[in-house]
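Below is one structure, written out as structure tokens, with a few remarks after it.
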Amino acid sequence: MPDGFLLNDPGAVPDKPALEGLEQKWIARWDAERTYRFDRTRGRADVYSIDTPPPTVSGSLHVGHVFSYTHTDVIARFHRMRGKAVFYPMGWDDNGLPTERRVQNFFGVRCDPSLPYDAAFVPPEKPPKQAISVSRPNFIELCARLTAEDEKVFEHLWRYLGLSVDWSMTYATIGRRAQRISQLSFLRLLQRGIAYQLEAPTLWDVDFRTAVAQAELEDREQPGAYHRIRFATAGSPSSAAFLEIDTTRPELIPACVALVAHPEDERYKPLFGTEVITPLFGVRVPVRAHPLADPEKGTGVAMICTFGDVTDVVWWRELGLPVRSIIQPNGALRPVTFGQEGWDSADAGAAQQHYDQLAGLSATKARVRIVEQLQQSGALVGEPRPITHAVKFYEKGDRPLEILTSRQWFIKTMDHREALLARGRELEWHPSYMQARFENWVNGLAGDWCVSRQRFFGVPFPLWYKLRADGSIDYDARLLPAEDRLPIDPSTDVPEGYRPDQRNQPGGFAGDPDVMDTWATSSLTPQIAGGWGDDQDLFERVFPMDVRPQAHDIIRTWLFDTVLRSYFDFGTLPWKNAAISGWVLDPDRKKMSKSKGNVVTPMALLEEHGADGVRYWAASGRSGTDTAFDPGQMKVGRRLAIKLLNASKFVLANRGAHGAVTAAVDRGLLTSLASLVRQSTADLEQYHYTRVLEMTESFFWSFCDDYLELVKGRRYGDQGADLAASANATLLTTLSTLLRLFAPFLPFVTEEVWSWWQEGSIHKAAWPAPEEVLAACGNVDHPDGVEALQFATTVLGTIRKKKSEEQRPLKTPVTLAVVRAPQAQLALLPTVEADLRASGLIQQLDTQELDVLQVDVTLAPVEGVAGDRA
RNA sequence: GGGCGGUUAGCUCAGUUGGUAGAGCACCGGCUUUACACGCCGGCUGUCAGGGGUUCGAGUCCCUUACCGCCCACCA
């Protein structure tokens, strides 16, 4: 075995080591030497594969990204050193609304899917006031162009942070492979009946003009008002017969299809089956019973509209009510003609007059207008009572969601609830309690997953429909492409057996106009990164993956959807582990976010504190735990890195020969070190990286302050060559081991020091093993050595304390030290006495037996003129 | 309303199966000690959120209350 401790070049240890410039130096070297390149000759058992979260490139990276990606990198580096081929790709999430919106503003364009592709299109220098309409392929080209620039910036930051990603393996969620896999998976789900199309009430964002999914909802507290509205009882000539309801959405009265009360509500029991007449519009609607109606709420009677909220949908479906919809996709009330089928009115003229004042208005404006009308007609009882209530929004939207009936694609989830819960239990969650989030979500699923979006920048649904002779679309006559044609864009590609000129012609075909929800693609990241279908060899080496790292807020979306898709595509979990990271909180304990203006640029942080310093802070945040943004910790990390440089320099420069480890304190140090290695390895395997950093740091600090001070003299030969060699061997073994334990956390400084005396990258060096640490002291633990080291440290500490209390320099000689201790400890004294005398500058050392350790220290008298000191 | 976390020194947080409360930062005092003043030595700091229980013994286990955060549900 070659001597692993020899300096390659004795001049390689710098006189004044510094952190400055280490990032640039090692980024370039790692890139040139392909240090993190995935070795695809290795089989699945030798691979550690990571389903990296693709960051949204149209946003900007913030300190939260730096935080969680560091966690993943620590784990990746650990497994690489353990000998695994680490599959660590990087994806870019450039699919979806954020990118689409940014491209529209940046280039001043708007997507019109009906336009043909224009290969010669060049966007103007400056975005024009009037947006230019472009085809979907042109629009997607612009998206790709803009995101390519963003991706460069992101990659630069990631490299600077030291992520050990294989940069030859990147993917984009709008990339060709992602499109192909999304479409392929969809077509197979379609064939199995798991994907289906349905015309149904759907959550709808009126600004984006698209359907959205349950998983993308969020509640926001909004001001609103209860309006008490009077409905006349139909068929009762008595003008006293009224029914009153409370509503926050009076503008939906024209969309009212029934009133509802609880079946056991005695007040309304007699009215079930009767009819009432809507105010202003004179439409007869039934009074029905349903258990979801809450007698405690409002008057106990609710107005059912198509559709005011999700409860309306339930009532509408379960009571078999008609549709009377008034909200258009853009959120404005559509024109309606009263007196026609479905809009019968007791007084069509008056109804029309009222409604015409509402048509074309947004829901908010219509509400103001109809309240005036209701007041004038006397149907409004009292004044509106202002309240604050939670309203559902699309998480990226600005106006409350509406519910519109539309044709959408769905993926079945409800039928598979039990299987999905079982998958969630198979997955190893870090921390384990995060599994509850998954269970909660699956148990709370209210409907199948709506995956179609009426947007442009996304993966198109890969199919067409036949047109009937009258030009209408026959949705049941689907034209599916062959799998080997994928990806396709049905807005420009033509189905087999058709000519381009048959598009949108009677008897011809029409492309499906929708794109997939961004999660419908993101949920396939293991397949996309692994090359499912077009690099099957790679896929089989990496799938199912080892870990999915991600934040807890997207368990219901990304994690759940990925589990779902993998279950459908392969009948297996997509990964063994889910490592859930927390958020970065600002000092006010709020989640850091752009809108709050408290985001610090990651690049500025990296430049100020160094990548290792920032990583040190990040690595101090446990899995799943939100962590305070704390530049102080970054400073501590930076100091640790500097200390590593200096301590390493001391150990490596001017050292003598090394040999067998014979001294008790040396054996004690190595014994503790071996124990540290055992514990660290076990912890990292369980994703407990935080504790490893803490323990290693604590060991290192005491190594520097106690052990190093204790053996300095011996190491220089005070006690002869053999004991110097023992010290040197211990120092080198410890340094080598500590550097490797630190390497996943502080990749730059450890690599720098490693390069002073070792071949190759530390990041490909073997993770330390206890046997290796103990090799120079007989391959066994030395508990007596541990005690000797602790004993010596305590004695030395007492001497330091005395000097500190006396405000004397540490180099003050101790004229007499009396060590009182139990016999067992005193027996250790001879093994440490020489080190103690040298490090404590002890001139005379006496002992005395006592049941507890106690040291009396007498310092040399103060030199200089007597009386100078009080 | 349901679920999941949390509450330990001024701040940020550790605290493995119950066994004398810890670290770092901050603060105070001291020290040029030829690896490091980007350093070193030392000091100060606590009703472990409140209450109850189990136990010889509880920061740790059980019950309960309060507060903070997050997830989900409700939304007439």
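Reckoned from all heavy atoms, side chains included, excluding hydrogens, waters and symmetry mates. Note on naming: letters A, B, ... go to the chains in the order of the sequence lines (proteins, then strands), and numbering restarts at 1 for each one. Not measured: the values here are computed from a predicted model.
Taking only distance into account, the side chain of A/K803 never meets the base of B/rC41 through a donor-acceptor pair shorter than 3.5 Å. Side-chain atoms of A/T625 stay outside donor-acceptor range of the base of B/rG5, with no qualifying N/O pair under 3.5 Å.
Note on residues 286-311 of chain A: no pairs pass salt bridge (Lys or Arg N to Asp or Glu O under 4.0 Å), not counting sequence neighbours.
For the C1' atom pair drawn from B/rC40 and B/rU32, the interatomic distance equals 10 Å after rounding to whole Å. For the C1' atoms, the distance from B/rG18 to B/rG57 is 8 Å, rounded to whole Å. Between B/rU54 and B/rC63, the two P atoms lie 15 Å apart (nearest whole Å).
Residue A/R622 places at least one side-chain N or O closer than 4.0 Å to OP1 or OP2 of B/rA14. Between A/K801 and the phosphate of B/rG43, there is a side-chain N or O to OP1/OP2 separation shorter than 4.0 Å.
Among the heavy atoms of the strands lying under 4.0 Å from A/C704 is at least one base atom, whether or not backbone atoms are also near. In this structure, A/I245 reaches neither bases nor backbone, as no heavy-atom distance under 4.0 Å exists between it and the strands shown. Within the nucleic acid shown, A/A293 comes within 4.0 Å of at least one base atom, counting heavy atoms only. Within 4.0 Å of A/R638, counting heavy atoms only, lies no atom of the nucleic acid at all. Within 4.0 Å of A/N443, counting heavy atoms only, lies no atom of the nucleic acid at all. A/K297 comes within contact range of at least one nucleobase, with a heavy-atom separation under 4.0 Å. In this structure, A/L708 reaches the bases: a heavy-atom distance under 4.0 Å links it to at least one base atom across the strands shown. If you check every strand for non-hydrogen atoms under 4.0 Å, A/W617 touches nothing.
For A/W449, there are no ring-ring contact (aromatic ring centres under 6.0 Å, His included) partners at least two apart in sequence or on another chain.
Residues from residues 709-718 of chain A with heavy atoms under 4.0 angstrom of RNA chain B, sorted by number: A/E709, A/K712, A/Y716. Remark: A/Q214, A/D219, A/Y226 in residues 214-227 of chain A come within less than 4.0 Å of RNA chain B through at least one heavy atom.
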For RNA chain B, the dot-bracket pattern of Watson-Crick and G-U pairs whose distances stay under 3.5 Å, | for other-strand partners:
(((((((..((((.....[..)))).(((((.......))))).....(((((..]....))))))))))))....

Contacts under 3.5 angstrom, residues 700-707 of chain A side chains, donor-acceptor by atom type, not counting sequence neighbours:
residue: A/D706; atom: OD1; partner: A/R800; partner atom: NH1; Å: 3.3
residue: A/Y707; atom: OH; partner: A/D666; partner atom: OD1; Å: 2.6

